[in-house]
Enquirer: 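Below you'll find the structure I mean.
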Amino acid sequence: MSKYVDAHCHIEDKAFNKNRDEVVKRAKENNVIIITSGASFGGCVRALNCKRLYDIYLTLGYHPSRVNADDKIINKVYNLIKENEKEILAVGEIGMDVKIENIKRQEEIFKKFLELSKEINKPIVAHARGFEERIFKLSDQPIMFHCYSGSLELAKEIGESGNLISISTLVCFSEHHKKLVEKLDIDYITTETDSPYLSPIKKQRNEPINVKFVYKIISEIKEMDINEVKNIIYKNTCKFFKKKL
Ligand SMILES: [Zn+2]
């Protein structure tokens, strides 16, 4: 049975406190691989617990929106990642966001975690809204661009150099993301929900099983059988993380 991949979500998010068990069960029953991503100190601790409890996959990082935290917190996250390097697929999400203040400090924090990823020899999962090119140029580690929203030209360059473009449930509403799917080689693509965010169903909280909507759109646009899409995305993602998921 071929599997779906939700390469980036936040199962540890408090939005799932009421029915996390159910959400994970629903995903697993439908063969959805879950990769959850810690994005704050508390989030990383909870994500680590979820990984152990549910036997799902994990990345640990620090979201650029937390740019105003002091070094003490950032070092705590840094050490947590280091101590648990064997449990993670990648460092992330980390990155920069044009809509968030203090770009200089964002870059400084990003570089710190980038150095860590090199030290522990892991790829990164990047949040790079408005800074796709900058993150690409700064990094000499393999990058999965979570919820990529940059240009098609850059996406091609990113894919050609062995990185992954992650297509999120945003594709359900966005012509730009549909265009990316249409024009990009499918070998450069993975899929995600970013749950509980980016719901494809209005007024509903997103969850990993909704990654199915992304597959439906990819298979329509690419005129490929859904199982073929599943096999390719699965293969791309395993290759990127260097692990059979
Ligand atoms: Zn996220």
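Atoms within each ligand, like the ligands themselves, are counted from 1 in listed order. Model, not experiment: these values are computed from the prediction.
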Enquirer: Is a side-chain donor-acceptor pair under 3.5 Å present for K112 with N75?
Expert: yes
Enquirer: What atom name does the N, O or S atom of H10 nearest to the Zn ion (ligand 1) carry?
Expert: NE2
Enquirer: Would you find more than 12 non-hydrogen atoms of other residues, nucleotides or ligands less than 6.0 Å from Y54 atom OH?
Expert: yes
Enquirer: Do the non-hydrogen side-chain atoms of V98 and F131 ever get within less than 4.5 Å of each other?
Expert: yes
Enquirer: Give a yes/no answer: is there an N/O/S atom of C9 under 2.8 Å from the Zn ion (ligand 1)?
Expert: no
Enquirer: Any side-chain heavy atom of I120 sitting closer than 4.5 Å to one from I81?
Expert: yes
Enquirer: Restricting to N, O or S atoms of E93, which is nearest to the Zn ion (ligand 1)?
Expert: OE2
Enquirer: Tell me which N, O or S atom of D194 sits nearest to the Zn ion (ligand 1).
Expert: OD1
